[in-house]
4 protein chains.
Amino acid sequence: MAKKATPGTRKTPANTLTRGHKKKARTRRQLLDAALRIYAHAGVGDLALNTLAEEAGVSNGTVYNYFRSREEVLEAVGLELAVQLSEQILTVSEAVDSGAERLSIAVRTFMNKARTDPDWTRALITVVRYAEGMRSALATYLRADLQAGRRQGDFHYAHEEMAMSMVISATLGAMNLLVEDGEVEHADRIAAEMVLQALGVPAGEAGRIAGLPLPGEGG
Amino acid sequence: MAKKATPGTRKTPANTLTRGHKKKARTRRQLLDAALRIYAHAGVGDLALNTLAEEAGVSNGTVYNYFRSREEVLEAVGLELAVQLSEQILTVSEAVDSGAERLSIAVRTFMNKARTDPDWTRALITVVRYAEGMRSALATYLRADLQAGRRQGDFHYAHEEMAMSMVISATLGAMNLLVEDGEVEHADRIAAEMVLQALGVPAGEAGRIAGLPLPGEGG
Amino acid sequence: MAKKATPGTRKTPANTLTRGHKKKARTRRQLLDAALRIYAHAGVGDLALNTLAEEAGVSNGTVYNYFRSREEVLEAVGLELAVQLSEQILTVSEAVDSGAERLSIAVRTFMNKARTDPDWTRALITVVRYAEGMRSALATYLRADLQAGRRQGDFHYAHEEMAMSMVISATLGAMNLLVEDGEVEHADRIAAEMVLQALGVPAGEAGRIAGLPLPGEGG
Amino acid sequence: MAKKATPGTRKTPANTLTRGHKKKARTRRQLLDAALRIYAHAGVGDLALNTLAEEAGVSNGTVYNYFRSREEVLEAVGLELAVQLSEQILTVSEAVDSGAERLSIAVRTFMNKARTDPDWTRALITVVRYAEGMRSALATYLRADLQAGRRQGDFHYAHEEMAMSMVISATLGAMNLLVEDGEVEHADRIAAEMVLQALGVPAGEAGRIAGLPLPGEGG
DNA sequence: CATGAATGAGACTTCATTCAT
DNA sequence: TATGAATGAAGTCTCATTCAT
């Protein structure tokens, strides 16, 4: 057939260790990781399955041992991202009761993630745009904090869905700015402060909450 | 670029088509309008030139008399939308000096546009996502208002780019909510109020500004 | 891309005359003819559209300018064959009133067709097997003759559907024998005689009818 | 039957598997049975080895322990069906000497089989269409009856191959009608009568023979 | 022998683009 | 310029077959 490269077929002298035993789980992860890498550098529309296979180092047909269709790949990637998202959110702010503080921590965590892991962030933004369902996943975590903040007298918003929509959009917008246009000093605090203010927290209080040390930051 | 004629693209070199450019312009507009209609109901990835030609009522080959490639069509559509956007913005708030009020008017105008013209709104959102340059067009108008508001002591933001990014994202997010999830009472005022608050306007003042009658609303 | 042959694409120095004006109709016919040729030499399952395109001398995508899917190609080929079939049947036996004679003429005509045009016959057999609807087309013509023959006291059958099924099957079986196993002397008369007898025509009478000169045979 | 050896593919070199061939034979049978079930509900083209393995309850790789290729599976299925066919034919009409009666019994037996076991019948029809060699297997049994009937003065046919071809085709056609279009009263007798008449048996005599009680029918 | 993940050729289909009329 | 048939690269998906375990 005179192929030119045949990257992931038979010889693969280097990754013999990948030929182990938990192959199935490993391959699935390779595929999902590869998909996230592609998302980070291209749009959803550009996730071609042969590209995905190549990036994951498997052959064309292997993708279909794990997903029944292209659509299912996209779903799975979205789900994967949502799971990673949950971990981001749940790890942090476990011991915090204030809804405002929790929201601030969440916003700042995401902003910092955007700074330290632009690829993951780009993938997230891509998926959120594509899969409206992703927003629901985000909203689930958010809603509790919004309601807590309101109960606690910190938040004053007229319409919960609008509030959630704007918090999510604004945060993603800020993350996008960070990822695309480069560094901004204290971007995480600035973003958190604006979000808090948007929800009715007075400027001074918003600045104070946004300036609290992040849990685990040692301080 | 340096092509010699560039007939239907951008500059229309003034020597070629002094005659018969009437129909030409009309066909071009048909194509752009058709593209917007398609954008509204599908994504960018789904703008097939076949479909575009059919929607515009011309044959597929004709598209290439006006655009050199699909890419150029997308660019032109983005530009077209930017122009319509300018009209939206400039028409309104001409006689208003307060940056905060001007911003409020802009946000509310867009929100109302989202309510009354969902197709145009969907197209706008689609294009903004696709063409990052679109954000710049929006930012141009926005920056003046932000700076005015700050000069006038209404806005207090720490980082102008962050502020612009969040205003744009939040507004588009709110528009999207309106378009996809249906009616919200006073959505325009709620959105404006939140945006103003995010920029540091105290709650009461933000509510007052967001509640002012829109110019031309008769009131 | 380093393709190796690219067989049916551009050069084709011989059929420059096909580049004429009635291209569309011509191409469609090329495709249908090619499909029949393929049917004759392979089964329905082997009608790959790239094979079809190559056989027809057009490119891969051109097929889809004429048919929306592979399924539609198969349908169209079946229909085409049915039309040619009608012509076969209707041309002959126009002036004959006897149902038995008409049936005999039909059987013999098909048998002779099998002798003189094995490819067409193989294609017919292939399609009949594949598309059950084809049998209906045949049955339509047949039913009238069966009923006429019965009214005229020649046919005596207990169940019309069974009778039609057996006439069709038997005739196609005989055609298949002719096509696959070679020459048989007076195959047309033998087949007609057996079919008539199966329908209750006494042996002598069946032999007589089957031996009548065919219309247009000059005799 | 004479079948007990032939466990693996074709020749079974006699030295290899003198032990443990019990399970092997069982798996092979599972595969063949599964193939027949699939044939009954789909075409030959749809017999995917994946599906076959699943239907047989083994993994896809296992198929290749019993057959060297898909082609060989198809052959084996044809052979298997031929064997089952022999059983059908030989069981019946052992004590009958008249060729006409034997043929009548055979036709009626198959017709009844079509009524009581549509799956087997569909598989048979599928295989006959696919494997031309199957017709030979049928012809072998048939030829003896045809010749006996002719010797005994019952059959009068002009060409033995044509006669066999038509008997087989007509019977299969009638079976197909029964299987696809549902019940027909006395379908077996009607079919037998028509076949006998086709072979030159006078109507009354054909009716009488076709109406004889089937051996084992208790009559 | 059994398993089932991996492979890759090949089929179907879409669509941006070209070009003769 | 307008037309629309033709093109072919590229993508989605299937499935017979191989092979390490």
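Letters A, B, ... mirror the listed sequences (proteins, then strands); counts begin at 1.
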Colleague: Roughly how many Å is it from CZ in D/F67 to P in F/dT18, rounded to a whole number?
Modeller: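 Distance, rounded to whole Å: 16 Å.
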
Colleague: Rounded to whole angstroms, how far apart are CD on C/E72 and C1' on E/dT13?
Modeller: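 In whole Å, E/dT13 C1' and C/E72 CD are 13 Å from each other.
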
Colleague: Check this for me: does the side-chain of A/N65 come within 3.5 Å of the base of E/dA6 through a donor and an acceptor?
Modeller: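 Donor-acceptor pair under 3.5 Å: yes.
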
Colleague: Closest nucleotide of DNA chain E for D/G57 versus for C/E71: which of these residues is on the 5' side?
Modeller: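 Comparing both residues, the 5'-ward one is D/G57.
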
Colleague: Is the phosphate of E/dT17 approached by B/Y64 (side-chain N or O, under 4.0 Å from OP1 or OP2)?
Modeller: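 For E/dT17, OP1/OP2 do have a side-chain N/O of B/Y64 under 4.0 Å.
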
Colleague: If you measure from CG on D/L79 to CD on D/Q84, what distance do you get to the nearest 0.5 Å?
Modeller: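 The distance works out to 10.5 Å.
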
Colleague: Kindly point out which of F/dT7, E/dT13, E/dA6 is positioned nearest to the side chain of C/V58?
Modeller: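 The closest nucleotide is F/dT7.
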
Colleague: A/Y66 has a side chain; which of F/dT17, E/dA5, E/dG4 sits nearest to it?
Modeller: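 Given the options F/dT17, E/dA5, E/dG4, the side chain of A/Y66 is closest to E/dA5.
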
Colleague: What is the pairing partner of E/dT21, taking Watson-Crick or G-U wobble pairs with both distances under 3.5 Å in any strand?
Modeller: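 Answer to the pairing question: F/dA2, which forms a Watson-Crick or G-U pair with E/dT21.
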
Colleague: Taking only the side-chain heavy atoms of D/T27 (C-beta and beyond), determine which of E/dA2, F/dC13, E/dA6 contains the nearest atom.
Modeller: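 Given the options E/dA2, F/dC13, E/dA6, the side chain of D/T27 is closest to E/dA2.
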
Colleague: Nearest of E/dC12, E/dT17, F/dA16 to any side-chain atom of D/L49?
Modeller: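 From the listed options, F/dA16 comes nearest.
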
Colleague: I want to verify a distance call: between F/dG11, F/dT7, F/dC13, whose nearest atom is closest to the A/N50 side chain?
Modeller: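 Nearest nucleotide to the side chain: F/dG11.
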
Colleague: Please report the shortest heavy-atom distance between C/I38 and C/E55, naming the atom on each side.
Modeller: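 Between these two residues, the closest heavy atoms are CD1-CB, 4.1 Å.
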
Colleague: F/dT7 phosphate, OP1 or OP2: any side-chain N/O from C/T62 under 4.0 angstrom?
Modeller: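 It does, given that an N or O in the side chain of C/T62 lies less than 4.0 Å from OP1 or OP2 of F/dT7.
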
Colleague: In terms of the nearest nucleotide of DNA chain F, which residue is placed more toward the 5' end: B/V63 or D/G61?
Modeller: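 Of the two residues, B/V63 wins.
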
Colleague: Should the heavy atoms of other residues, nucleotides or ligands under 6.0 Å from CD of D/E54 be counted, would the total exceed 12?
Modeller: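 Atom CD in D/E54 is not packed in, count stays at 12 or less.
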
Colleague: Looking only at heavy atoms, which two atoms of A/L52 and A/A35 are closest? And how far apart?
Modeller: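 Result for this residue pair: CD1-N, 3.4 Å.
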
Colleague: If you look at every strand shown and take non-hydrogen atoms under 4.0 Å, does D/S69 touch a base, only sugar-phosphate, or nothing?
Modeller: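 Result for D/S69 = sugar-phosphate.
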
Colleague: With heavy atoms under 4.0 Å as the rule, sort A/N60 into base, sugar-phosphate or nothing.
Modeller: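 Touches a base.
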
